[in-house]
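See below for the structure under consideration.
Model, not experiment: these values are computed from the prediction. Atoms within each ligand, like the ligands themselves, are counted from 1 in listed order.
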Amino acid sequence: MRTRPIALIASLLACICFAGCGKSGPDPASFRYQQDPQLFDTLSQPADYPAARFIVLTDPHYYHPGLGTSGPDFARYIREDRKMLALSDEILEAAASEIQKQPADFILICGDMTKDGERINHLQVAEKISNLHPTADIYVVPGNHDVRNPEAVRYTHEGSKGVETVEPEGFSEIYGAYGYDDAIARDPASLSYVAEPVDGLWLFALDSCLWRENEPGGHPVVNGRFSEQTLEWLEDMLIQARKNNKSAIAMMHHGLVAHYPGNEKYYGEYVVDHSEAIARLLATYGVRLVFTGHFHAQDITVKQFEDFPNPIFDIETGSLVTWPCPWREITISAGQTCTIESRFTKAIDSIPEGFAGYARNFALEGTVGLARDALEQYHVSEKGMDLLAPQIAEAYLAHLAGDEHKPDTVISAKGTGIMGRVVVFFQKDLVEGWWTDLPPADNRLIIELKSNSWQQPDDS
Ligand SMILES: [Fe+2]
Ligand SMILES: [Fe+2]
């Protein structure tokens with residue numbers, strides 16, 4: 001995510017006005033399964049998943065250091081967005097050296113391949129990931145930063161200069177070997193496709209981004225939505241999967257469902273529009289697991305339905321360039337047990353010792369700075385900022401890490417003055433939301449897909 005957790009405190013009224021903005025846009029047309037229940041009835045039960053092992057990583061936000069890592073504009077970018085961009089190359093290298101050792105049938109990368117869609121960064125990261133694993137096929141989808149991005153720039157001592165970005169055709173060409181060239185089907189209306197990484201398993205790689213709405217000279221759209229054409233194509237492919245007795249998983253950049261109370265209210269652009277309808281559509285046709293990124297947090301949330309027996313799991317993985325710099329290993333057994341383990345980048349070439357502490361500090365200090373900036377706009381006193389900013393930052397970092405343990409007091413306004421108390425009164429729910437871990441567990445999990453139950457693995 002573009003890390004501005006407290007920018008929204010500064011835009012308190014806007015947040016209230018736009019509460020629920022994650023549902024913007026026209027309602028999707030009715031789906032075929034709703035209009036013709038017989039269609040669904042005539043399809044056989046979804047196929048069991050084949051045994052499969054795969055790795056998920058996301059949001060590598062690759063940035064070629066040759067594009068500049070100094071100057072006033074770069075400093076401002078880093079200050080407003082706490083990704084460890086200058087280390088993205090090293091972090092990817094370090095993760096790859098571990099990932100290479102893992103047995104895997106395939107690897108998923110859920111978007112935000114680049115800092116801001118720079119063609120040179122796409123070319124570089126595409127080259128880098130060719131060495132990610134000796135045997136596993138790789139599949140990517142775009143993130144909101146990746147296509148037709150007007151903020152593609154290089155940095156100089158004086159400021160910044162625009163560089164070439166990629167159009168959708170350029171994206172699918174650069175990543176042709178990572179899903180597009182061998183797709184079973186491609187959506188003519190987006191960069192979505194379907195692949196079969198393991199016999200009997202269809203991967204729905206969905207482009208949830210709104211690159212079509214990016215304007216020259218503007219900011220790239222952060223929100224996510226599927227067009228009516230894409231939804232029509234998606235349902236058609238889901239029906240084909242069922243008719244062909246294929247099991248199905250999905251990947252997309254945006255969250256399928258809200259990952260904490262207040263996610264839709266404050267950060268609706270991190271959850272795909274019409275998330276209920278999309279989740280129900282996927283679940284209806286047998287998709288049980290959806291892999292996502294975008295918010296840079298380690299969070300798994302399960303969506304259950306009143307009128308449908310099988311839940312769907314949104315398995316969000318944190319960004320490689322944001323603490324705790326994770327990736328995940330997923331194992332599906334023939335017995336229909338899905339085991340999820342998380343791994344973390346512990347060392348990089350330039351920081352061989354204590355990298356985790358460095359990365360945490362980087363995220364914490366940045367978030368404290370952003371919180372102070374926002375609180376200052378509300379004329380919160382210096383002492384109030386000193387007291388509130390670290391509490392806000394700790395809540396945010398707890399959500400990034402996952403498996404949050406909510407403290408007795410999520411935020412205390414004691415001693416913060418009148419304006420400090422006003423801000424806490426209005427936005428405590430966000431801080432509380434970050435401390436709230438919606439089920440199930442986030443980093444290690446076993447899902448029994450037949451019985452719809454889940455548990456944390458034994459440590460033994
Ligand atoms: Fe991202
Ligand atoms: Fe993103």
Side-chain angles (χ1 to χ4, degrees), residues 1-5 7-8 21-22 56-63 77-78 80-89 91-92 95 108-118 121-122 125 129 140-152 165-166 171 190-191 205-214 219-226 251-259 263-264 266-273 275 290-299 314-328 345 359 362-363 366-367 370 396-397 399-400 402:
M1 68 172 286
R2 191 167 171 86
T3 316
R4 296 172 302 160
L8 56 91
C21 60
V56 183
L57 63 101
T58 187
D59 294 66
H61 284 283
Y62 189 81
Y63 182 67
Y77 187 93
I78 293 294
E80 291 174 357
D81 190 321
R82 302 301 296 173
K83 304 181 197 97
M84 294 182 284
L85 280 186
L87 300 177
S88 64
D89 181 74
I91 297 171
L92 185 57
L108 306 181
I109 309 181
C110 313
D112 278 357
M113 304 299 296
T114 58
K115 170 186 165 285
D116 275 310
E118 305 83 355
N121 286 337
H122 279 302
V125 77
I129 59 178
V140 309
V141 286
N144 55 300
H145 285 268
D146 287 332
V147 178
R148 199 177 287 172
N149 189 331
E151 293 180 344
T165 181
V166 301
F171 186 91
S190 77
L191 287 165
L206 303 178
D207 171 11
S208 53
C209 301
L210 293 171
W211 41 263
R212 247 177 237 87
E213 297 181 10
N214 290 349
H219 299 294
V221 176
V222 179
N223 192 24
R225 188 187 316 128
F226 296 118
M251 69 186 287
M252 58 196 253
H253 187 59
H254 293 77
L256 176 68
V257 299
H259 282 271
N263 195 167
E264 286 277 17
Y266 290 108
Y267 281 109
E269 67 272 33
Y270 286 82
V271 181
V272 73
D273 284 359
S275 69
V290 180
F291 297 90
T292 65
H294 195 30
F295 199 85
H296 293 198
Q298 284 286 91
D299 193 276
D314 177 345
I315 301 153
E316 179 195 347
T317 300
S319 162
L320 266 193
V321 291
T322 305
W323 180 80
C325 310
W327 71 92
R328 297 190 191 267
T345 311
F362 191 96
T367 311
L370 291 166
Y396 177 63
L397 263 66
H399 180 66
L400 293 188

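Across Glu269 and His254, no two heavy atoms sit closer than the pair O-CD2, 3.4 Å.
The OD1 atom of Asn144 and the NE2 atom of His253 subtend an angle of 80° at the Fe ion (ligand 2), given to the nearest 10 degrees. Geometry about the Fe ion (ligand 1) gives an angle of 90° between NE2 of His61 and OD2 of Asp112, rounded in steps of 10 degrees.
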Fill in: Worked verdict on Leu85 versus Tyr77 for side-chain contact (heavy atoms from CB on, under 4.5 Å)
CA-CA 10 Å; Leu85 280 186; Tyr77 187 93; 3.4 Å; yes
Item to complete: For side-chain contact (heavy atoms from CB on, under 4.5 Å), just list the numbers for Phe171 and Val141, CA-CA rounded to whole Å, side-chain angles, deciding distance to a tenth of an Å, and then say yes or no.
Response: CA-CA 9 Å; Phe171 186 91; Val141 286; over 6 Å; no
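The N, O or S atom of His294 with the smallest distance to the Fe ion (ligand 2) is ND1. In terms of distance to the Fe ion (ligand 1), the nearest N, O or S atom of Asp59 is named OD2.
For the Fe ion (ligand 2), the N/O/S atoms of Tyr270 include none lying under 2.8 Å. Not one N/O/S atom of His254, from backbone or side chain, sits under 2.8 Å from the Fe ion (ligand 2). For a distance bound of 2.8 Å, the N, O or S atoms of His145 include none lying that close to the Fe ion (ligand 1).
Note on ring orientation: taking the six-membered ring where Trp is involved, the planes of Tyr396 and Phe295 are perpendicular (angle over 60°, cut-offs 30° and 60°).
Arg148 is linked by a salt bridge (Lys or Arg N to Asp or Glu O under 4.0 Å) to Glu167, counting only residues two or more places apart in sequence or in another chain.
Figure legend: cation-pi geometry between Lys83 and Phe362 absent, as NZ or CZ is not positioned both under 6.0 Å from the six-membered ring centre and within 45° of its axis.
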